Amino acid sequence: MGEAVLWVVGAAAVGGGVWKGWPAAKQIIRGLYAAVVLAETLANLPATLAAIEYELKPNGGRSIKDRTEQTVQGVAELEATVAAVVLQQGEIAQRQDATAADVAHVRRQTASLKTSVGRVRRRLDEHIQAGEPAGKE
């Protein structure tokens, strides 16, 4: 029985020690986990750096650098297209202004011609009513 008491006392002492030492043990476990993660990260570092380097160098269109250059070129082409469209819009506006001026001129000429035709018709009517020959004036 004494031996059993000693075992109980010993187990209680060990349990109490574990209970009180648990916060420290947690810190040690966290530190070991961080060390394992760091070791894995360092082991993968060359491959990670190679992948980054692959993306930052031209390689026939598959890298970020190539895609960025393609995007910049595409934007430059779009800017040139937009500039050409703006220029064409300006030319179209000028043509519209010139066409509007031509239409106004044609309207004035039409009105003048209408007035002249009206005068000729009145004279012709006057000649016909007066019984005078049309060719004689």
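No hydrogens, no waters, no symmetry mates; every other heavy atom, side chains included, goes into these values. What you are looking at is a predicted structure, and each value in this text was computed from that prediction instead of being measured.
- From Arg123, atom CZ reaches atom CD1 of Ile128 across 14.5 Å, with rounding to the nearest 0.5 Å.
- Atom-to-atom distance recorded for Arg119:CZ and Thr115:OG1 is 6.0 Å, nearest 0.5 angstrom.
- No path of Ile, Leu, Val, Met, Phe, Trp and Tyr side chains, each step under 4.5 Å between heavy atoms, connects Val106 with Leu113, placing them in separate hydrophobic clusters.
- A distance of 8.0 Å separates CD of Glu126 from CZ of Arg122, quoted to the nearest 0.5 Å.
- Under a 3.5 Å cut-off, the side chain of Thr68 and the backbone N or O of Ile64 do form a donor-acceptor pair.
- Judged by distance alone, with hydrogens and angles left aside, the side-chain atoms of Arg67 form no donor-acceptor pair with the main-chain N or O of Arg62 at under 3.5 Å.
- Leu49 and Leu38 fall within a single hydrophobic cluster, where Ile, Leu, Val, Met, Phe, Trp and Tyr are joined by side-chain heavy atoms under 4.5 Å apart, directly or via other members.
- Distance check: Asp97 CG to Ile92 CD1 gives 12.0 Å after rounding to the nearest 0.5 Å.
- With rounding to the nearest 0.5 Å, the separation of OG1 in Thr99 from CD in Gln96 is 7.5 Å.
- Taking CD of Gln89 as the start and CD of Glu91 as the end, the distance is 11.0 Å to the nearest 0.5 Å.
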Derivation of the side chain to side chain donor-acceptor pair (under 3.5 Å) call for Asp66 and Ser63: CA-CA 5 Å; Asp66 290 335; Ser63 69; 3.3 Å; yes
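- Not a single side chain to side chain donor-acceptor pair (under 3.5 Å) links Asn44 to another residue, sequence neighbours left out.
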